[in-house]
Structures are given as C-alpha cells and as structure tokens.
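Throughout, protein chains are lettered first and strands after them, A, B, ... in sequence-line order, and every chain is numbered starting at 1.
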Number of protein chains: 2
Amino acid sequence: MSRPTRATTLRAKVRAEMVEEIKATARRHLAEQGASNLSLRAVARDMGFVSSAIYRYFASRDELLTALIIDAYNALGTAAEAAEAAVDRADLAGRFAAVCHAVRDWARANPHEYALIYGTPVPGYRAPQDTIGPATRITNLLGAILVDGCATGALRAPADEWLAPTVAAEMAHIRDAMFPGVPPALLARGLIAWTQLFGAVSFEIFNRLDGIVVDRDAWFDYQVMALTHFIGAQP
Amino acid sequence: MSRPTRATTLRAKVRAEMVEEIKATARRHLAEQGASNLSLRAVARDMGFVSSAIYRYFASRDELLTALIIDAYNALGTAAEAAEAAVDRADLAGRFAAVCHAVRDWARANPHEYALIYGTPVPGYRAPQDTIGPATRITNLLGAILVDGCATGALRAPADEWLAPTVAAEMAHIRDAMFPGVPPALLARGLIAWTQLFGAVSFEIFNRLDGIVVDRDAWFDYQVMALTHFIGAQP
DNA sequence: TCCGAAACGAGAGCACTGCTCTCTGCCACA
DNA sequence: TGTGGCAGAGAGCAGTGCTCTCGTTTCGGA
C-alpha cells in the first residue's frame with residue numbers, strides 16, 4: 001500500500017492495450033457479421049492466439065459485448081456532441097438538426113454497432129449499470145436544447161396541449177431532475193422527438209424503408225423538419 | 001394426374017400438423033429465451049425426438065425462423081385488422097387509435113415475437129419474398145384511413161407544408177401504387193406516423209423507457225394523440 | 001389387394017461454439 | 001535479484017447446426 005496504485009505500472013499499461021486490441025478486433029468482426037455471430041474463438045484466432053487467452057481479459061462473451069456497447073454509446077455520444085457544439089448556441093433548430101444528422105450518420109457508418117445499442121436487447125436482458133451513463137449523452141444533448149430555448153424565451157410550452165395528470169407529473173419530475181425550466185408539455189414533445197429520431201434511424205438502418213423510400217437523405221431531412229416544428233424551434 | 005392433388009391426403013395433413021406443432025413449440029421456446037437462443041435441438045428434444053427429424057420439415061434453423069416471422073406478421077396484422085374493423089368507418093381518429101393500440105397490445109403480449117419482426121434483422125439479412133406480403137398489412141390499414149379520409153373530405157393536405165421535390169415525387173408514386181387520392185404532403189405525414197408508431201412501441205418493448213416513463217399507458221395515449229393531430233384527424 | 005416408393009425418425013458424426021481447468025515459462029515488480 | 005503472479009497453450013466438456021446413412025412404416029397407384 002506504500003506506492004499502491006501507481007496508476008500505470010507497465011503491466012497495467014500492456015494489459016490495457018491488450019484490452020483495446022481485443023475490442024478493436026471484435027469490433028471488426030462485428031462490422032462484418034453482426035453481433036449474434038460474434039465468436040470469441042474467431043477473435044482470438046484472428047489475433048494469433050488461443051481462445052482461452054481471451055478470458056484473461058474478459059470474463060465472458062457477454063462482458064466483451066458489454067464493453068463494445070459502452071464504447072458504441074460513447075462513440076455515438078462523442079460524434080453527436082461534436083456536431084452540436086459546432087453550431088451557434090442561439091440556433092436551436094440548427095443544434096437539433098445537428099444532433100439528428102450526427103446520429104443518423106454514425107448509425108449508417110456503423111450499422112452493426114448501432115444495432116448493438118438500439119436494436120433488440122440480446123439475452124434475457126443486459127444493460128448493466130455501466131451502460132446507462134454513456135447512454136444518456138444523446139438525451140442530455142437534446143434536453144439542453146430545450147433548456148436553453150426556455151431560458152432565452154425562444155421556446156415555450158405549446159398552447160393547446162392537454163397532458164394526462166400522470167404524464168404531466170412525470171414530466172415535471174424529469175424536469176426537476178434533469179432539465180430545469182422546461183414546461184411539462186414541451187418536455188413531452190421533446191421526448192417524442194427523441195423517440196421519433198431513433199425510430200426513424202432504426203427504420204432506415206433495419207431496412208424497413210426498402211421499396212418505399214429511395215432518397216433517404218431527403219426523407220430524413222423532412223422528418224427532422226417536422227420534428228423541429230413539433231418542438232417549436234424556428235428554423 | 002387423375003386425382004392428382006387430393007388437396008389433403010392423409011400424409012399431407014399429418015405433415016401440416018407436424019409443422020404447426022414444431023412452430024408452436026419453437027414459439028414457446030422463443031417466448032422464454034428470445035430468438036438468438038432458439039435451439040433446434042432443444043425444440044426437438046422437447047417434442048420427444050431427435051434433432052435430425054426436424055430437418056424433414058424445415059431445411060434449416062433460418063427457415064424455421066422465417067416461418068415464425070411470417071406467422072408473427074400475420075398475428076399482428078390480424079389483431080390490428082380486427083381492432084380497426086370494430087370502429088365506425090367515419091371515425092378516423094378512432095380507427096387510427098385502434099390500430100396503434102392493437103400493435104402495442106400485441107407487442108406487449110408477445111415481446112419476443114415482436115422483436116423477431118421489428119428488432120434487429122438477425123443474420124446478414126433475410127426477409128425473403130414471403131415475408132413482405134404479411135408485413136404490409138399494418139401499412140395498408142393505416143393507408144386506408146388516409147384514403148377514406150381524403151375520399152370523404154375529412155382529411156386534407158396540410159396547408160403550409162413544403163416537401164423536397166424528390167420526396168414529393170416518391171409520395172406521389174406511392175399514392176398512385178397504393179393509396180389513391182392521398183396528397184403527397186399528407187402521405188408523408190402518414191409515413192411519419194407509421195415510423196413513430198413502431199418507434200414508440202419499440203422503445204417501450206426494448207426497455208428504452210425504463211427509469212424515464214412510469215405510466216406507459218398514459219404516455220402511449222399521449223403519443224397517439226399527438227400523431228392523430230399530426231395527420232389531421234379529428235378526435 | 002399388393003408392392004414399390006416415399007417419407008420418417010434414429011443415430012452417429014463433423015465442425016463449430018463458450019467456457020473451465022491445468023500446466024509451464026517468463027518477466028515486471030518489490 | 002529472486003520470485004510471485006500473470007500470460008498463453010492445450011485439452012476437454014457440453015452444447016450447437018447440419019449431414020448422411022440406415023432400418024421401418026405407410027401411403028397410394030396399378
């Protein structure tokens with residue numbers, strides 16, 4: 001305990017690099033064959049050693065998948081945050097569109113990783129505690145747009161909206177916990193926008209649009225426009 | 001060729017029953033463990049015979065899954081059609097709500113089957129031709145509401161909508177092929193409603209709402225209400 | 001009514017999977 | 001500098017999808 005966790009002993013550093021390398025290889029396999037076919041043995045083989053060696057770094061296949069899930073959430077979050085940060089703070093519609101397009105672009109570039117985090121939950125269910133932090137980066141980003149809009153007066157509650165009492169109460173609770181100053185009726189619309197964003201991206205990534213919509217870019221733009229209007233932001 | 005296909009020879013009948021029994025058993029396993037863990041051997045074992053016997057009826061595990069997918073589409077379609085048919089034809093909002101609630105109810109009652117058809121596409125991708133017919137029953141139902149509304153004048157194109165030329169052209173094409181009389185701008189909204197419906201149900205079924213929304217019924221009602229308004233139907 | 005063909009289920013076997021356990025060599029650390 | 005602990009190898013277990021072969025049963029056309 002004298003000099004206990006010398007943050008990075010050489011051994012720890014090598015180990016961390018190994019972990020990264022395994023994840024990178026697994027990610028490559030993922031991109032080629034999807035999550036359900038991800039084989040620990042194949043990953044090990046690909047790296048030139050035997051399958052049991054992987055278990056020095058990940059206790060199980062599920063643990064590897066969980067690590068990939070967390071990385072995916074973070075990659076998506078980073079991409080969206082970067083895109084949103086590049087837009088003028090006062091341009092709420094622009095910020096919203098930036099998030100939407102960043103999510104879609106990342107999903108199209110990494111469809112299997114997107115499926116990993118926004119597709120069917122694979123086993124009974126997973127989502128250990130470690131994943132919820134990275135998972136909320138997108139919602140925080142969207143929520144911040146509402147908060148800023150309300151703070152400057154650019155956004156206000158939709159006039160003629162009626163919320164069921166329980167819904168209104170839940171929205172108020174979320175507002176108090178995370179998004180100060182956003183009226184329940186507006187927050188509800190924000191939640192719908194969040195749902196719709198991932199619904200739209202999932203439909204595209206999971207081939208629901210095949211044979212229906214050809215110009216996917218234009219169609220997505222239209223959907224973003226509709227959502228922008230729905231939350232009351234001025235384009 | 002004299003009495004050639006005596007539609008149901010005894011053998012054919014027994015065979016068909018066997019197929020149904022295998023599917024039923026597989027469906028049971030599915031409900032317990034999800035699609036990725038569905039084991040042909042386990043299904044066979046459960047039915048009291050050896051795994052190779054299954055291959056007399058299904059050429060592969062994927063073929064069994066495809067059969068289950070088609071059944072799932074049909075079960076969902078039947079449920080939605082029945083619910084919608086029970087509503088007064090002139091009550092467009094009621095018909096729309098009936099479809100939405102039927103989809104959600106069926107999904108909650110059969111989450112793994114829902115995941116099978118609206119979750120991540122499992123292998124590289126499948127969706128053989130046989131699945132697209134049953135898959136369109138919901139869209140036809142939703143489209144018919146728009147068609148009827150336009151025919152009676154209860155629905156009209158949203159006034160201030162601007163569609164990109166390619167989107168407008170694609171909507172016009174879909175209208176001509178399937179939904180006569182529905183203006184492009186309204187059809188586009190209908191497509192968004194369709195996307196949003198399954199986006200909302202998927203979010204609920206795939207646990208995205210955990211820790212966010214408690215009263216799922218009220219929340220879904222609210223979403224349906226917003227969509228009803230969005231397509232211009234009077235509640 | 002009878003016989004050939006077709007269908008059927010059993011069983012062994014192949015190549016693969018995740019995971020465990022044991023063994024050995026080596027090297028970073030105290 | 002000596003060594004404890006870590007890394008990787010390898011064998012092995014139980015499970016998977018799928019193939020092939022082999023008797024048996026049973027259907028149905030002549």
Please tabulate, for the side chains in residues 191-206 of chain B, all donor-acceptor contacts under 3.5 angstrom to protein atoms that are two or more places apart in sequence or on a different chain.
{"unit_1": "B:Thr195", "atom_1": "OG1", "unit_2": "B:Leu191", "atom_2": "O", "d": "2.9"}
{"unit_1": "B:Gln196", "atom_1": "NE2", "unit_2": "B:Gln223", "atom_2": "OE1", "d": "3.3"}
{"unit_1": "B:Ser202", "atom_1": "OG", "unit_2": "B:Tyr114", "atom_2": "OH", "d": "2.9"}
{"unit_1": "B:Ser202", "atom_1": "OG", "unit_2": "B:Phe198", "atom_2": "O", "d": "2.8"}
{"unit_1": "B:Glu204", "atom_1": "OE1", "unit_2": "B:Arg104", "atom_2": "NE", "d": "2.8"}
{"unit_1": "B:Glu204", "atom_1": "OE2", "unit_2": "B:Arg104", "atom_2": "NH2", "d": "3.1"}
{"unit_1": "B:Glu204", "atom_1": "OE2", "unit_2": "B:Arg108", "atom_2": "NH1", "d": "2.5"}

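The nearest whole Å value for the distance from the CG atom in B:Asn37 to the P atom in D:dG17 is 10 Å. Here the P atom of nucleotide C:dT17 and the CG atom of B:Leu40 are 18 Å apart, to the nearest Å. Atom-to-atom, CE of B:Met47 to P of C:dA10 comes out at 11 Å; the value is rounded to the nearest Å. When the C1' atom of D:dT26 is taken as reference, atom NZ of B:Lys13 falls 16 Å away, rounded to whole Å. Put simply, OH on A:Tyr55 is 16 Å from C1' on D:dA7, counting in whole angstrom units. As a whole-Å value, the separation of B:Glu63 CD from D:dG17 C1' is 14 Å. In this structure, A:Glu17 atom CD and D:dC6 atom C1' are separated by 16 Å, rounded to whole Å. Atoms CD (A:Gln33) and C1' (C:dC16) sit 13 Å apart, rounded to a whole Å.
The shortest distance between side-chain heavy atoms of A:Val224 and A:Cys100 falls below 4.5 Å. Using a 4.5 Å heavy-atom cutoff, the side chains of B:Leu38 and B:Leu65 are in contact. In this structure the side chain of B:Arg137 never reaches within 4.5 angstrom of the side chain of B:Tyr73, judged on heavy atoms. Residues A:Asp46 and A:Arg28 are in side-chain contact: their nearest non-hydrogen atoms beyond the backbone lie under 4.5 Å apart. Within the 4.5 Å cutoff, side-chain heavy atoms of A:Lys23 are placed close to those of A:Glu20. Between B:Met171 and A:Trp219 there is a side-chain heavy-atom pair separated by less than 4.5 Å.
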What are the atom names and distances for every N/O pair under 3.5 Å that joins the protein to nucleotides 23-28 of chain C?
{"unit_1": "C:dA28", "atom_1": "O4'", "unit_2": "A:Arg11", "atom_2": "NH1", "d": "2.9"}

Any protein N or O atoms within reach of nucleotides 12-15 of chain C? Criterion: under 3.5 Å, listing atom names and distances.
{"unit_1": "C:dG13", "atom_1": "O6", "unit_2": "B:Arg41", "atom_2": "NH2", "d": "3.4"}

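Residue A:Ala35 comes nearest to A:Arg61 through the heavy atom pair O-NH1, 3.8 Å, listed as atom of the first residue, atom of the second, then distance.
Within 4.0 Å of A:Leu64, counting heavy atoms only, lies no atom of the nucleic acid at all. Heavy atoms of B:Phe58 sit nowhere under 4.0 angstrom from any nucleic acid atom.
Contact check on A:Arg216 versus A:Asp221 returns no salt bridge, with no Lys/Arg side-chain nitrogen under 4.0 Å from an Asp/Glu carboxylate oxygen.
Close to D:dG8, at under 4.0 Å from its OP1 or OP2, lies a side-chain N or O of A:Tyr57.
Between A:Arg45 and B:Phe49, the residue anchored nearer the 5' end of DNA chain C, judged by the nucleotide with its closest heavy atom, is B:Phe49.
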